[in-house]
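In this text, all values refer to a predicted model and were calculated from it rather than measured experimentally.
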Amino acid sequence: MKQGNEQAEFKTKIKHWLKGHGLDYRWVAGQCGVSEITVRNWMSKKNIPPLKQQLLEQVMVHMPESAPPQNPPDAQATGIKVTTTVSLSIQLAEENYHRLAEHAASRNTTMEAVIIEAIQQIIDSPAPPSAPQLRSCKIILPQT
């Protein structure tokens, strides 16, 4: 039963941490790549899977209580949606996903490597002083 007590304590810790940061279960769902209903089930009756718990622990460590996240407006372009808080989520329209896959294949690399390279170029370029700094990054590519 020790694991059950540890889960209960961790869930309580998450709830307090989310409240302190003005975040909700929807935000947790986005970080974990699951639905909000799944998170609600974790928080009420099911155990949080070990890998998801580790992810949440890391996010909680790297985002201190004293610095609540800013929620800038979503940026949108045709077939691309980018939402930033303390993470980066990219949703590509199917056409753009396939174009990215073709680009990666023509360079004999992975889509992840192409995205990482593009992000690194942005990071290495001089940024305006008002640019937000991301503390973590998560990229979810559509299932094929």
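- From Arg107, atom CZ reaches atom NE2 of His103 across 4.5 Å, with rounding to the nearest 0.5 Å.
- Two residues are said to be in side-chain contact when any heavy atoms from C-beta on lie closer than 4.5 Å; Leu23 and Val28 fail this criterion.
- Put simply, CE on Met43 and CG on Leu18 are 6.5 Å apart, with the number rounded to the nearest 0.5 Å.
- Note that CD of Glu6 and CD1 of Ile48 are 12.0 Å apart. Values are rounded to the nearest 0.5 Å.
- Lys11 places a side-chain N or O within 3.5 Å of a backbone atom of Trp42 that can act as its donor or acceptor partner.
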Step-by-step side-chain contact (heavy atoms from CB on, under 4.5 Å) determination, Gln121 to Glu117: CA-CA 6 Å; Gln121 288 175 357; Glu117 181 182 324; 3.6 Å; yes
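- Annotation: the span from Arg99 atom CZ to Glu94 atom CD amounts to 14.0 Å, rounded to 0.5 Å.
- Within the 4.5 Å cutoff, side-chain heavy atoms of Ile37 are placed close to those of Asn41.
- Between Gln53 and Glu57, the side chains place a donor N or O and an acceptor N or O closer than 3.5 Å (distance only, hydrogens not considered).
- At a threshold of 4.5 Å between non-hydrogen side-chain atoms, the residues Met60 and Ile14 count as touching.
- In this structure, Lys52 and Cys32 approach most closely via the heavy-atom pair NZ-O, 2.6 Å.
- Look at Lys13 and Glu9 and you find no salt bridge, because none of the NZ, NE, NH1 or NH2 atoms lies under 4.0 Å from a carboxylate O.
- Atom-to-atom distance recorded for Gln31:CD and Leu56:CG is 8.0 Å, nearest 0.5 angstrom.
- One finds the NZ atom of Lys45 at 12.5 Å from the CZ atom of Arg40 (value rounded to the nearest 0.5 Å).
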